[in-house]
> 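Right, I'll just put the structure down here and ask away after.
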Amino acid sequence: MTLDALLSALGPQVVQPGHAADRSYLTDWALREAVAPLAVLRPSSTREVAQALEICLAHEVPVVPQGGRTGMVGGAAPLADGVVICLDRMDATPEIDVAARTARVQAGVTLSALQRAAQAQGLMFPVDLGARNACQIGGMISTNVRGMRAFRDGAMRENVLGIEAVLPDGLVLNAMNGTFKNNMGYDLKQLFIGAEGTLGVVTGAVLQLRPVSPARVTALLRVRDLTDAQSVLEVLQSRLRGLSICEVMWPDYYHFACGFRGFDPLPVNGCADGLTLLIEAEGVEETPMRVALQAALELLFDKEWITDGAISQTSRQTEEFWALREAHEGIPQAFASVASFNVSLPVEGGDAAISGLIAALGEAFPPLRCLWFGHLGDMKLQLGVVNVSGSPIGAEDVIRIKDIVLSGVQEAGGSLVVEQGGETVDYVPRRIRSEAEHALNRSLRRVFDPKGIMNPGRLF
Ligand SMILES: Cc1cc2nc3c(=O)[nH]c(=O)nc-3n(C[C@H](O)[C@H](O)[C@H](O)COP(=O)(O)OP(=O)(O)OC[C@H]3O[C@@H](n4cnc5c(N)ncnc54)[C@H](O)[C@@H]3O)c2cc1C
């Protein structure tokens, strides 16, 4: 009945029965088991999104908004009794306002399409991540992506000026404000940032752009531990004004990345197998940046805060350094199963928390390995727990793994996002947040979505 109503309102160009839809809409980056929903909708306008939501609400059918399906915790995975609304046809060329340094985009525009449009005008969007060719602005907003420059330029939350979203009853919320300050009431757009599609469907945004830096220098550095890594970051931040990237890879991740890519630009040279940092500075002229970086590295060697390092000499070498950091795209193919966690840890105690988790998981499940990597500047890390024995991790073990990770992160005073849905969905936020915070979140969700049709079972 829902399918008939959707088809008669929106037509077959927008509505495909789930069983007939392209398989790519039924699974995601992590290659989770494909699930056929009632229908996959691919609207081409905000009006069509509104029509679709009105029908879904009338039939009380769950709705899963979908972007590029690169989210690592399965928030866009279809529900068998629900409808997927994928924004991939809402991808008109971004409108760049050079004077205001802003971009007006539809939610289905990919990050790389936005980057190209901005670059053509001498501008750039500062939030960047390895999934750039697939992830969409709507998905990036809904997951509040931090990206690699967040410690300098902020996450999505700091770079979204305005939003257009459709609420579950079809009401279009137009908050496409291009100004930096707007205190006319609550800043509603902020609620949609990081909401994982639980409050409505984001259909457009106004984003802040910055001038492009024409020159960059890139290096790979080896440090003993996280404490030394933080000291290195401090020195580089004070000596390299254009420092924009500081990524960290733990040994198991680094070795996986080298094996996956087939090269190792910074082999372990007899000393302890420490952490590897990818750093990059951006600026107007390359030569002074190289000189400043070289001087900073000499100081860091003298202080024994780095044990090895290589400054890229060619664009090919720069690509290789980056390819290691972005090798995590190969994790789902390389291992029979992976449990993914987005972990934020405090600087103080972060090292001990990570070593503790590696030890605890290794002891509880000997064939498991922890692939840790992420953004050093704000300690927003990714953990892939993989089974090196080649067999999938069983459902019960996944729950135990989540429990161990959650306890470790909680003890360290951090926070995390785990696989969306299933039995742990409510349990994780309950343990991380205070009861009052959790209750207020629930009440707020009901204000937007009293019937609970938006991405049920996700977030909390
Ligand atoms: C190779 C790779 C690198 C990554 N690097 C980083 C990184 O550096 N930093 C970081 O923070 N994250 C990173 N991620 C994860 C990141 O969260 C996602 O890549 C991205 O934000 C999700 O965008 P998407 O369009 O693929 O959204 P999807 O995966 O399709 O959806 C993600 C969530 O948003 C919701 N959603 C999607 N579109 C909309 C919409 N229009 N309206 C409302 N809700 C919507 C979905 O329901 C789901 O809950 C990486 C992922 C990959 C695969």
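Remember, it's 1-based here, ligands and their atoms both numbered in the order they're listed. What you see is a predicted model, and the numbers here were worked out from it, not measured in a lab.
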> What atoms in ligand 1 come closer than 4.0 Å to a heavy atom of Gly71?
18 (C), 22 (C), 26 (O), 29 (O)
> Heavy atom to atom 3 (C) of ligand 1, shortest distance: which of Arg69, Arg325, His328 holds it?
His328
> Do ligand 1 and Val145 have nitrogen or oxygen atoms that lie under 3.5 Å from each other?
no
> Any luck finding a side-chain donor-acceptor pair between Tyr25 and Arg69 under 3.5 Å?
no
> On a heavy-atom basis, I'd like to know which of Glu196, Met140, Arg458, Arg146 is closest to atom 33 (C) of ligand 1.
Glu196
> What atoms of ligand 1 come closer than 4.0 angstrom to any heavy atom of Gln136?
24 (P), 25 (O)
> Out of Ala155, Ala77, Gly139, whose heavy atom is nearest to atom 38 (N) of ligand 1?
Gly139
> Side chain or backbone, does Pro65 bring an N or O within less than 3.5 Å of an N or O on ligand 1?
yes
> Quick one: does Ala134 get a heavy atom under 4.0 Å from ligand 1?
no
> Can Asn133 and Ser112 be counted as having a side-chain donor-acceptor contact under 3.5 angstrom?
yes
> Centroid separation under 6.0 Å, is that true for the rings of Phe263 and Phe321?
no
> Is it true that Ser407 and Glu411 share a donor-acceptor pair across their side chains at a distance under 3.5 Å?
no
> Relative to the heavy atoms of Ser142, which atoms of ligand 1 are at a distance of less than 4.0 Å?
34 (O), 35 (C), 36 (N), 39 (C), 40 (C), 42 (N), 43 (C), 44 (N), 45 (C)
> Ignoring hydrogens and geometry beyond distance, is a side-chain donor-acceptor pair present between Thr46 and Glu164 at under 3.5 Å?
yes
> Which of these, Leu459, Thr70, Val63, has its nearest heavy atom closest to atom 51 (C) of ligand 1?
Thr70
> Can you see whether Arg446 engages Asn441 through a side-chain donor-acceptor pair at a distance of less than 3.5 angstrom?
no
> Which residue from His375, Lys380, Glu247 reaches closest to atom 8 (O) of ligand 1 through any of its heavy atoms?
His375
> Record the part of Asn455 in heavy-atom contact with ligand 1 below 4.0 Å; permitted values are side chain, backbone, both and neither.
side chain
> At less than 4.0 angstrom from any non-hydrogen atom of Leu87, what atoms of ligand 1 do you find?
41 (N)
> Looking just at side-chain N and O atoms, do Thr218 and Ser312 make a donor-acceptor pair shorter than 3.5 Å?
no
> Does Gly200 come within less than 4.0 angstrom of ligand 1, counting non-hydrogen atoms of the residue?
yes
> With heavy-atom distances below 4.0 Å as the criterion, list the atoms of ligand 1 near Gly197.
43 (C), 44 (N)
> Should one rank Leu129, Val109, Leu381 by closest heavy-atom distance to atom 6 (C) of ligand 1, which comes out on top?
Leu129
> Using distance alone, decide if ligand 1 has a nitrogen or oxygen within less than 3.5 Å of any nitrogen or oxygen in Met148.
no
> Determine, using ring centers only, whether Phe373 and Tyr254 are less than 6.0 Å apart.
no
> Does a donor on one side chain sit under 3.5 Å from an acceptor on the other, for Asn342 and Gln382?
yes
> Going by distance only, is there an N or O of Val64 that falls short of 3.5 Å from an N or O of ligand 1?
no
> May I ask which of Thr143, Val166, Asp28 has a heavy atom nearer to atom 17 (O) of ligand 1 than the others do?
Thr143
> Is Arg445 close enough and on-axis enough to Phe460, meaning under 6.0 Å and within 45°, for cation-pi?
yes
> Taking Leu114 as the fixed residue, which of Leu207, Thr93, Val127 is the one that meets the side chain to side chain contact (heavy atoms under 4.5 Å, CB included) rule?
Leu207
> Sequence neighbours excluded and cut-off under 3.5 Å, please list the side-chain donor-acceptor pairs for residues 240-247, or say none.
residue	atom	partner	partner atom	Å
Ser244	OG	Glu280	O	3.4
Ser244	OG	Glu282	OE2	2.6
Glu247	OE1	Arg325	NE	2.5
Glu247	OE1	Arg325	NH2	2.8
Glu247	OE1	His375	ND1	3.0
Glu247	OE2	His375	ND1	2.8

> Should you measure from each heavy atom of Ala131, which atoms of ligand 1 turn up under 4.0 Å away?
1 (C), 2 (C), 3 (C), 19 (O), 51 (C), 52 (C), 53 (C)
